[in-house]
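Below is one structure; the comments refer to it alone.
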Amino acid sequence: MNSIIDRHLSIPITSQAKKIAKQFADNIQDASTSQQVYHNTLAVLTVNDYLAMLGIATNLKDSESWHPALRVCADVADLKIAGLGHLECRPVLPEAEICVVPPDVWEDRIGYVAVRIESSQKTATLLGFAQTAGTGKLVINCLQPLAALLYHLDRLRHPHLVNLPQWFANLGAEGWQNLEDIINSFSLSGMQMAYRSPNFQISARNEVNSQDINSLTEILQSHQDEWTKIQVAELLGKIDPGNESAIAALTGILHIGKTDESRRQAAVSLGKIDPSNLAAGARRAKIIDFEQSLGNLQVTLVMTLIPDKKGEINISLRVYAVNNLYLPTNLELAVFDEFGNIALVAEARNTDNWIQLEFSGEPGNDFIVQITLEDVVWQEQFLV
Amino acid sequence: MPNLENDNISEVKIANFPSESTWQAIASHQTAVSRVDDSLVKLIAETCQHPPGSLKRQLGLDRIIRRIINSGRLWIENAPYYEDALQQTWLYFCRNLCEATTTKEPYNPQRSNIFTWLDRYLKGRLKDMYLKNCHEQNIRVNNSEEIILTIPAPVNTIPLEDQIRAWAEADATGELVATHIANRPELNCQLLILRRLPPKSQWEELAAEFNISMSTLNSFYRRKCIPYLQRHFQPDLG
């Protein structure tokens with residue numbers, strides 16, 4: 001994956017930064033503390049320069065690392081982000097694979113940036129971001145890209161969550177559409193393969209009427225395969241809302257469906273014709289642009305919610321390419337929990353039509369979905 | 001042997017003349033470069049659509065800077081002040097790419113390539129710093145005696161560690177000893193501050209020695225003891 005290197009960003013270390021770092025370090029007699037303070041200060045000032053470039057206001061004076069006594073008594077390398085809190089900027093020596101976060105700074109931090117001080121001391125490399133200190137040892141290759149830091153700071157400033165329970169009430173969210181609308185307006189080859197197949201003629205029609213129910217239930221009885229169940233479930237969702245036989249057939253699929261996919265489709269269809277049903281599901285999709293160095297690429301994120309027996313919501317995420325059968329290799333889909341810890345991750349390999357993640361969320365919890373391709377990172381936060 | 005000379009010339013000519021595959025390589029390199037440039041122009045236009053300070057503007061700038069750095073096409077020079085000039089260039093770049101903040105006009109992709117625009121500013125700063133550097137060296141050479149005389153004597157000769165140790169040991173108000181972990185009077189701020197002064201005891205060692213969890217110890221130190229240090233010693237002016 002070439003992106004590991006591309007995710008890093010080297011920032012020049014200015015003579016002013018070295019001067020301040022030396023001044024702070026010279027005030028301390030103990031050699032190892034003095035050295036640590038020197039590196040901490042360089043890391044803080046490098047991140048400060050990076051944020052200044054992007055127009056993010058900081059306040060060095062209010063940083064713990066700017067307090068002479070605190071520098072001696074605690075291993076602090078924080079940078080106060082105006083109005084948000086302290087961002088810890090941990091220095092990492094060249095060749096290190098782990099960024100050590102000392103217990104001194106496990107609390108009162110809005111995040112951690114690992115900064116490698118190159119041996120030339122002419123540049124520092126911003127290696128990545130972590131929202132929490134975890135066990136105090138951050139594996140550098142597993143850090144989130146810097147873009148995740150920018151999303152994180154923006155969320156702290158302007159909290160914005162997509163409210164998933166509203167999808168059950170058929171309320172939308174910005175940019176999220178019904179899957180059918182997206183399929184109709186784009187050529188989603190990979191998606192059509194998964195969600196439609198030419199097994200029987202009814203599937204070609206966009207409308208299904210109540211006369212079709214008998215034939216659909218017959219098909220259901222004679223074909224036990226999952227594809228049939230998925231398709232019948234999809235078609236039953238096109239019947240006029242409230243149709244008792246259709247509801248009964250869908251409830252049947254919900255109980256006999258072998259894979260989650262047929263049950264998921266039955267729940268989504270049930271949501272369309274019987275929204276108040278406790279087993280009803282919801283599905284929305286969003287088109288996401290990835291402007292790449294060698295041309296544009298669009299993907300669709302399909303999110304399906306079904307209530308499960310424990311009162312939690314089962315959430316399935318699928319990513320498809322738009323206008324292409326296959327996803328680009330190395331496209332990564334990840335889910336982070338409310339503390340910013342990575343919970344799940346999937347990566348597209350050659351000839352993947354789609355990638356999927358599935359998990360359960362308790363009402364009231366939130367999570368972040370991240371899709372990464374080359375140097376582009378897309379994130380959105382959701383409330384269960 | 002005139003023939004040999006002629007042969008040599010023709011050989012030289014052949015060797016200097018790029019083969020067809022070299023031309024193809026050059027052409028495809030140029031195509032790749034111009035494709036990268038085109039995509040950079042598009043990315044700049046897209047980024048500038050978003051208002052300054054917005055997340056999308058920040059994400060766009062981050063990607064543009066990364067692409068420019070990774071292209072390796074920016075002017076490099078082995079000058080002691082190169083990093084200063086480069087950082088000034090990045091600030092100039094971010095502040096004037098979409099809107100003119102410190103210049104008369106913002107970057108105009110029709111007028112110049114982004115690398116040309118950046119290099120021109122970077123070289124300008126390098127020149128300024130070169131002149132300033134020479135000027136300062138001149139002053140230093142000419143006024144070396146005077147400079148030695150004007151070096152101020154250190155204001156405070158007591159190292160900071162010793163100042164903190166003396167303050168904590170004295171605990172004039174008694175507040176450092178009085179502030180302790182619940183039911184553990186021996187685990188007070190005086191002890192912790194002294195033990196965390198260089199050469200400091202590690203948190204793991206302290207936790208084992210006093211049979212208490214590291215997080216309790218560390219959390220207490222952060223919430224209760226650090227504020228005394230913050231209050232008693234003045235911060236630096238940033």
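What you are looking at is a predicted structure, and each value in this text was computed from that prediction instead of being measured. Below, chain A is the first sequence line, B the second, and so on; all start at residue 1.
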So does [X] pair up with [Y], basic N to acidic O under 4.0 Å?
X	Y	value
E99(B)	R57(B)	yes
R66(B)	E374(A)	no
D128(B)	R125(B)	yes
R222(B)	E107(A)	no

Per-residue contact mode, [X] against chain B (heavy atom under 4.5 angstrom):
X	value
D49(A)	both
L70(A)	side chain
S15(A)	both
S63(A)	neither

Chain A heavy atoms under 4.5 Å from [X]: which part of the residue, side chain, backbone, both or neither?
X	value
I69(B)	side chain
L229(B)	both
Y221(B)	side chain

### Output field: ring centroids Y92(B)/W117(B) closer than 6.0 Å
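Yes, close enough.
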
### Task
Determine, using ring centers only, whether Y50(A) and W90(B) are less than 6.0 Å apart.
no

### Task
Would you mind telling me which of N27(A), I28(A), L42(A), V72(A) makes a side-chain contact (heavy atoms from CB on, under 4.5 Å) with V37(A)?
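Looking at N27(A), I28(A), L42(A), V72(A), the match for V37(A) under the side-chain contact (heavy atoms from CB on, under 4.5 Å) is I28(A).
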
### Summary
Per side-chain contact (heavy atoms from CB on, under 4.5 Å), W378(A) is matched among L373(A), I288(A), T372(A), D289(A) by I288(A)

#### Entry: Partner chain B: residue of N59(A), D104(A), V376(A), I56(A) with the largest heavy-atom pair count (under 4.5 Å)
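Going by pairs under 4.5 Å, I would pick D104(A).
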
### Task
Look at A69(A), P103(A), A52(A) and state which one has the largest set of heavy-atom pairs under 4.5 Å with chain B.
P103(A)

Most contacts with chain A, counted as non-hydrogen pairs under 4.5 angstrom, among [options]:
options	value
S219(B), S54(B), G53(B)	S219(B)
H232(B), E83(B), E204(B)	E83(B)
Q87(B), Q58(B), R196(B)	Q87(B)

